[in-house]
Amino acid sequence: MAEAKQVARPLSPHLQIYRPQMTSFSSIMTRITGNGIIVGVLLLVWWLLAAATSPDYFNFVNAIATSWFGDLVFTLSLLGLWYHYLAGIRHLIFDTGKYMDIKSAEMLGWISTIGSVVLTILTLIIIHL
């Protein structure tokens, strides 16, 4: 039996020649936002547990949750929530077998990305009215 000749090939996809695409960006961002939302949920749960514990502990956690850091965490979590929601709708559309061509898939990726930013800004405006 002949031995298979080992050919030096790059890893797939080869990162030096791979052109990033909206579909891959959307897939990666869906995973990142899904995990990132957990940070906001943990801060929220910590805040609720502190409220149930004692006034002093609540004041400590509330100072963190309402600081610039808490605002940043909650804003990014809101952005992640909207993106994850829109990307989920995008995947439900794909499950129907529609818009599977490259141009349509990229369009839906852009809609998810831009839509999440717009919805986050609108939500923040409504919250701060």
Side-chain angles (χ1 to χ4, degrees):
M1 194 177 223
E3 287 189 35
K5 183 178 178 183
Q6 294 293 328
V7 178
R9 293 189 176 130
L11 297 174
S12 178
H14 194 276
L15 296 177
Q16 293 173 344
I17 61 171
Y18 184 73
R19 184 180 66 89
Q21 302 168 1
M22 177 46 80
T23 52
S24 61
F25 171 79
S26 181
S27 177
I28 292 166
M29 286 305 296
T30 301
R31 287 163 176 77
I32 289 172
T33 57
N35 288 302
I37 292 168
I38 294 170
V39 178
V41 169
L42 288 174
L43 183 58
L44 177 65
V45 169
W46 186 32
W47 183 77
L48 290 171
L49 289 173
T53 303
S54 71
D56 291 334
Y57 190 56
F58 175 74
N59 289 335
F60 169 72
V61 176
N62 192 50
I64 295 170
T66 58
S67 70
W68 68 268
F69 176 74
D71 287 343
L72 180 66
V73 168
F74 287 132
T75 301
L76 290 176
S77 293
L78 179 63
L79 176 65
L81 187 66
W82 278 121
Y83 184 85
H84 206 73
Y85 174 74
L86 293 175
I89 292 174
R90 177 177 175 255
H91 281 276
L92 286 174
I93 292 170
F94 288 160
D95 288 343
T96 66
K98 298 183 192 273
Y99 302 106
M100 296 293 287
D101 60 289
I102 293 173
K103 187 175 180 180
S104 298
E106 286 187 356
M107 178 195 64
L108 288 176
W110 280 110
I111 289 171
S112 297
T113 303
I114 295 168
S116 63
V117 172
V118 169
L119 288 170
T120 299
I121 291 169
L122 288 174
T123 304
L124 290 173
I125 290 170
I126 291 169
I127 289 172
H128 291 286
L129 284 179

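Predicted model only: the values in this text are computed from it and were never measured. Numbering starts at 1 and runs along the sequence shown.
A continuous path of ILVMFWY side-chain contacts below 4.5 Å connects Tyr57 to Leu43, so both sit in one hydrophobic cluster. With hydrophobic clusters built from ILVMFWY side chains whose heavy atoms lie under 4.5 angstrom apart, Met107 shares a cluster with Ile93. Residue Leu44 is grouped with residue Val61 when hydrophobic side chains (ILVMFWY) are merged at heavy-atom distances under 4.5 angstrom, including chains of intermediate members. Hydrophobic cluster membership differs between Leu81 and Trp47, with clusters built from Ile, Leu, Val, Met, Phe, Trp and Tyr side chains linked at under 4.5 angstrom. Leu79 and Leu119 end up in different hydrophobic clusters when Ile, Leu, Val, Met, Phe, Trp and Tyr side chains are linked at under 4.5 Å.
From Gln21, atom CD reaches atom CD1 of Ile102 across 7.0 Å, with rounding to the nearest 0.5 Å. Separation of atoms CE (Met100) and CG (Leu108) is listed at 10.5 Å; rounding is to 0.5 Å.
Listed by chain and number, the residues in a side chain to side chain contact (heavy atoms under 4.5 Å, CB included) with Thr75 are Leu124 (sequence neighbours excluded). Here Ser104 pairs with Tyr99, Asp101 under the side chain to side chain contact (heavy atoms under 4.5 Å, CB included) rule; sequence neighbours left out.
Using a 4.5 Å heavy-atom threshold, the side chains of Val73 and Phe69 count as touching. Side chains of Thr23 and Arg90 form a contact here, defined as non-hydrogen atoms less than 4.5 Å apart. Ile114 is not listed as a side-chain neighbour of Val117, based on a closest heavy-atom distance of 4.5 Å or more. Between Tyr85 and Ile89, some side-chain heavy-atom pair lies under the 4.5 Å cut-off. Side-chain atoms of Trp82 and Val118, non-hydrogen and from C-beta on, never get closer than 4.5 Å to each other. Residues Phe58 and Thr53 form no side-chain contact, since every pair of their non-hydrogen atoms from C-beta on lies 4.5 Å or further apart.
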Side chains of residues 32-42: which donor-acceptor partners sit under 3.5 Å, not counting sequence neighbours?
{"residue": "Thr33", "atom": "OG1", "partner": "Met29", "partner atom": "O", "Å": "2.8"}
{"residue": "Thr33", "atom": "OG1", "partner": "Thr30", "partner atom": "O", "Å": "3.2"}
{"residue": "Thr33", "atom": "OG1", "partner": "His84", "partner atom": "ND1", "Å": "3.3"}
{"residue": "Asn35", "atom": "ND2", "partner": "Arg31", "partner atom": "O", "Å": "3.0"}

Worksheet item: Checking side-chain contact (heavy atoms from CB on, under 4.5 Å) for the pair Leu92/Asp95: CA distance, chi angles, key distance, verdict?
Response: CA-CA 5 Å; Leu92 286 174; Asp95 288 343; 4.2 Å; yes
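Distance alone, capped at 3.5 Å, is enough to place a donor-acceptor pair between the Ser67 side chain and the Ile64 backbone.
For Trp46, the CH2 atom sits in a packed shell: over 12 heavy atoms of surrounding residues, nucleotides or ligands are nearer than 6.0 Å.
With hydrogens and angles left out, the side-chain atoms of Ser26 and Tyr83 include a donor and acceptor closer than 3.5 Å.
Across all their heavy atoms, Glu106 and Met22 have their closest contact at O-CG, 3.6 Å.
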